[in-house]
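Below: one structure, written as structure tokens.
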2 protein chains.
Amino acid sequence: MSPKTKAKYEARAAIIKALAHPTRLFIVDQLQTRKRCVCELTKLIGADISTVSKHLSVLKSVGIVHDEKVGQQVFYHLKTPCVLRFFICVDSVVKTNAEEQLALLR
Amino acid sequence: MSPKTKAKYEARAAIIKALAHPTRLFIVDQLQTRKRCVCELTKLIGADISTVSKHLSVLKSVGIVHDEKVGQQVFYHLKTPCVLRFFICVDSVVKTNAEEQLALLR
DNA sequence: TGCCTATTTGGCCATACAACCAAGTAACCA
DNA sequence: TGGTTACTTGGTTGTATGGCCAAATAGGCA
């Protein structure tokens, strides 16, 4: 693989890597409808606020979300809603796997 | 997050995690046109064959690729081509990031 | 059968990740 | 100004990942 090709796939992988965590996928899904502050996401997720803050900074660093400070709160919103389309494909893979698993039991 | 919700996002994350590596993204891209054996992919990638084999097993374990043994060779093919659509969105994120980076320099 | 080729698996090591707690920063309010 | 709330950052620890080498497995051919 040439250095140029390698760099291309590394750039892509960095974005996908940022999505490759259940909590971050949940966050992306929650931001689908509206922007939310860290405190709200923390309540929904049920982890330490520092953990949630770090997940958000991962998503922000690759440009998937954007943040906006309003008073003492920081609101995050989805910058690239196209990532939501991932779910459609991913869910179809999950479903196919489950069906194949079932078929094996017959 | 309820246990059920958590399980849903964990299942999704497992699929995305399998894609979150430059070499595996390259493999998926290469399988877009036709199935290929491990040896061919190994040449294209330029890593140890054991490394490539492990990457393929990661993709296989989550149901993104399928393998088929023909003689001494094992051919892998893309089982869920919808993952190729990820690239469109991901590349747009990469491009936007680059543009914003440029804008900062002005 | 015995060798050769293709691939997988196990072992090892270095690095990266995710979680929590604790400490630091920033904005608002009394 | 001093306290409170909201958030981020640093530190630590355990676990997962990715790479290579070496060994094991499997199919084909002499």
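Values in this document were obtained by computation on a predicted structure and should not be read as measured data. Labels below follow one simple rule: chain letters A, B, ... track the order of the sequence lines, proteins then strands, and each chain is numbered from 1.
- In this structure, A/Arg12 CZ and A/Lys8 NZ are separated by 4.5 Å, a value rounded to the nearest 0.5 Å.
- Ranking D/dG10, C/dT8, C/dA6 by closeness to the A/Lys54 side chain, first place goes to D/dG10.
- Judged by distance alone, with hydrogens and angles left aside, A/Ser50 brings no side-chain donor or acceptor close enough to the base of D/dC7 to form a pair under 3.5 Å.
- One finds a side-chain N or O of B/His55 lying less than 4.0 angstrom from the OP1 or OP2 phosphate oxygen of D/dG19.
- Going from atom CZ of B/Phe75 over to atom C1' of C/dT7 covers 13 Å, rounded to whole Å.
- The A/Ser53 side chain lies nearest to D/dT8 when the options are C/dT5, D/dT8, C/dC20.
- A/Arg36 and A/Leu44 get closest at one heavy-atom pair: NH1-CD1, 4.1 Å.
- Regarding A/Leu41, its CG atom lies at a distance of 13 Å from the C1' atom of D/dA6, rounded to whole Å.
- Atom-to-atom, NZ of B/Lys6 to C1' of C/dA18 comes out at 12 Å; the value is rounded to the nearest Å.
- Look at B/Tyr76 and you won't find any side-chain N or O under 4.0 angstrom from OP1 or OP2 of C/dA6.
- No side-chain donor from either of B/Ser50 and B/Ser53 sits under 3.5 Å from a side-chain acceptor of the other.
- Between the CG atom of B/Asp67 and the C1' atom of C/dA6 there is a distance of 13 Å, given to the nearest Å.
- Taking only side-chain nitrogens and oxygens, B/His21 comes nearer than 4.0 Å to OP1 or OP2 of D/dG19.
- Between B/Leu56 atom CG and C/dT8 atom P the separation is 7 Å, expressed in whole Å.
- Taking a cutoff of 4.0 Å between a charged side-chain nitrogen and a carboxylate oxygen, A/Glu40 and A/Arg34 qualify as a salt bridge.
- When each of D/dG27, C/dA6, C/dT8 is scored by its nearest atom to the side-chain atoms of B/Gln73, the top-ranked nucleotide is C/dA6.
- In this structure, the CG atom of B/Asp48 is 18 Å from the P atom of C/dC12, given to the nearest Å.
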Intermediate values then yes/no, side chain to side chain contact (heavy atoms under 4.5 Å, CB included), A/Leu25 and A/His21:
CA-CA 6 Å; A/Leu25 288 179; A/His21 190 284; over 6 Å; no
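- Remark on DNA chain C: of its neighbouring residues B/Thr51 and A/Val70, the 5'-side contact belongs to B/Thr51, judged by nearest-heavy-atom nucleotide.
- When heavy atoms are screened at a 4.0 angstrom cut-off, A/Lys17 is found touching the sugar-phosphate backbone but no base atom.
- A/Lys60 has its NZ atom 8 Å from the P atom of D/dT9, to the nearest Å.
- What separates OH of B/Tyr9 from C1' of C/dA18 is a distance of 20 Å, to the nearest Å.
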